[in-house]
Amino acid sequence: MAKNSILALVIISICQVLIHVDAFTASPWYKAHATFYGGSDASGTMAGACGYGNTYTTGYGVATTALSTALFNNGASCGQCYRIVCDYRLDTQFCIKDKAITVTAIDFCPPNWSEPSDNGGWCNPPRPHFDMSQPAWLKIGIYVGGIVPVVYQRVPCKRHGGMRFTINGNPWFNLVLISNVGAAGSIQAISIKGSKTDWIPMSCNWGVNWQSSTYLIGQVLSFRITASDGEVVQCLNIAPSNWGFGQTFSDRYCQF
């Protein structure tokens, strides 16, 4: 290959990296409240509405939260990260002063219309509310308090390694779970490409599970991901031609 061609490829690669660096920034601070669920080991949070399943194996651990209707946005907020601080100015009894934790949205906290919004129906619209895993909540609040006022901001997600693509389904129905998404954390669009196809838009099945009905058995798979802030990254040749259902694939360079 000519030197000029090599240089051009290097420049293109550098530009592709640079346009994704620090693209997503923290939001202003807002007021909300926070409760907890899922037990002391967070095992009760593992079957969340976003579809991540076991958050230990998908890399999120126990620093997780469910979101009320006002924040969940019909699942579009799955994977987003929030920095939460107990508002010691409003609750000196149950807030742990000057402590913050960053959590990932993995679940939905449904309304409880049988209870008033200010007494049990904490996740009723239009209240912004975080129902955090118990281990996460205990970083900012005293257990017996149950519910505390908080301030929060949406922040960039810091992930180790690349995005993860777990392929489920059958030969005529590909269901891909995407996890470990950095920066904006949440996704607005995905396309899949086989080594014998062009880019094929996928549709959201539920949570972070995206579907395609194209037969892709025996093909090398690539993905193009558009984050919720509009940033786009192309992850080429993520899954080899002998990929199988139930397998997870990743590339440490495939990240926002």
(request) Applying side-chain contact (heavy atoms from CB on, under 4.5 Å), run through Ser222 and Trp199 and close with a yes or a no. (result) CA-CA 9 Å; Ser222 301; Trp199 288 105; 3.9 Å; yes

(request) Begin with the C-alpha distance, continue with both residues' side-chain angles, and end with the deciding distance and a verdict on side-chain contact (heavy atoms from CB on, under 4.5 Å) for Arg159 and Thr104. (result) CA-CA 11 Å; Arg159 305 297 185 205; Thr104 300; 3.1 Å; yes

(message) Set out, in order, the CA-CA distance, both residues' side-chain angles and the distance that settles side-chain contact (heavy atoms from CB on, under 4.5 Å) for Asn174 and Tyr215, then state yes or no.
(response) CA-CA 8 Å; Asn174 306 293; Tyr215 186 88; over 6 Å; no

(request) I would like to know whether Ser77 and Tyr82 meet side-chain contact (heavy atoms from CB on, under 4.5 Å); could you show each step before the answer? (result) CA-CA 11 Å; Ser77 298; Tyr82 298 87; 4.1 Å; yes

(request) Go through the steps to decide whether Phe249 and Phe165 satisfy the test ring-ring contact (aromatic ring centres under 6.0 Å, His included), and finish with yes or no. (result) CA-CA 5 Å; Phe249 302 94; Phe165 302 84; 9.0 Å; no

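Annotation for Cys86 and Ile140: closest pair CB-O, 3.3 Å, computed over non-hydrogen atoms. Listed here is the closest heavy atom pair of Ala136 and Val103: CB-CG1, 4.0 Å. Across all non-hydrogen atoms, the minimal contact from Ser228 to Ala184 is OG-CB, 3.6 Å. Nearest approach of Tyr60 to Asn180, heavy atoms of both residues: OH-N, 2.6 Å. When every heavy atom of Thr35 is checked against every heavy atom of Trp137, the shortest pair comes out as O-CD1, 3.1 Å. In terms of heavy atoms, Arg224 sits closest to Val232 at CG-CG1, 3.8 Å.
Side chain of Asn73 to main chain of Ala76: no donor-acceptor pair is present (N/O by atom type, distance under 3.5 Å, no hydrogens or angles). Gln153 places a side-chain N or O within donor-acceptor distance of the main-chain N or O of Ser27, the cut-off being under 3.5 Å. In this structure, the side chain of Gln188 engages the main chain of Ala227 through a donor-acceptor pair within 3.5 Å. In this structure a side-chain-to-backbone donor-acceptor pair under 3.5 Å is missing from Asn205 to Trp210. Counting only distance, with no hydrogens or angles, the side chain of Gln247 and the backbone of Gly244 share a donor-acceptor pair below 3.5 Å. For Asn124 (side chain) and Asn112 (main-chain N/O), a donor-acceptor pair under 3.5 Å exists by modelled atom type. Checked by atom type and distance alone, the side chain of Ser213 never pairs as donor or acceptor with a backbone atom of Phe173 at under 3.5 Å. Under a 3.5 Å cut-off, the side chain of Ser195 and the backbone N or O of Gln219 do not form any donor-acceptor pair. With hydrogens and angles ignored, the 3.5 Å screen pairs no side-chain donor or acceptor of Ser212 with any backbone N or O of Met202.
By the neighbour-count criterion of 12 heavy atoms within 6.0 Å, atom OH of Tyr56 is densely surrounded, having more than that number from other residues, nucleotides or ligands. Asn74 CG: 12 or fewer foreign heavy atoms inside a 6.0 Å radius.
Between the CG atom of Leu216 and the OG atom of Ser241 there is a distance of 12.5 Å, given to the nearest 0.5 Å. The OH atom of Tyr37 sits 8.5 Å away from the SG atom of Cys109 when rounded to the nearest 0.5 Å. Taking NE2 from His160 and CZ from Arg252, the interatomic distance works out to 14.5 Å, rounded to the nearest 0.5 Å. Between atom NE2 of residue His33 and atom SG of residue Cys123 there is a gap of 12.0 Å, rounded to the nearest 0.5 Å. Interatomic distance, OG1 of Thr248 versus CG of Leu177, reported as 8.0 Å (0.5 Å rounding). To the nearest 0.5 Å, atom NZ of residue Lys193 and atom OG1 of residue Thr214 are 12.5 Å apart.
One hydrophobic cluster holds both Ile96 and Ile101 under the rule that ILVMFWY side chains link at heavy-atom gaps under 4.5 Å. Hydrophobic clustering places Met132 together with Tyr30 (ILVMFWY residues linked when any side-chain heavy atoms are closer than 4.5 Å, directly or through intermediates). Tyr52 and Leu67 fall into different hydrophobic clusters, defined by Ile, Leu, Val, Met, Phe, Trp and Tyr side-chain heavy atoms under 4.5 Å apart, directly or through other members. Cluster annotation: Met163 is connected to Trp243 through the hydrophobic network of ILVMFWY side chains, with a link wherever side-chain heavy atoms come within less than 4.5 Å.
Checking Tyr253 against Gln255 by side-chain atom types alone, no donor-acceptor pair falls below 3.5 Å. Looking only at atom types and distance, the side chain of Thr58 has no donor-acceptor partner in the side chain of Ser179 under 3.5 Å away.
Between Tyr143 and Phe36, the distance from one ring center to the other falls under 6.0 angstrom.
Using the six-membered ring where Trp is involved, Trp122 and His129 have ring planes that are parallel, under 30° apart on the 30 and 60° scheme.
Residue Val155 is tested with Thr102, Thr25, Ile84 for a side chain to side chain contact (heavy atoms under 4.5 Å, CB included); the sole match is Thr102.
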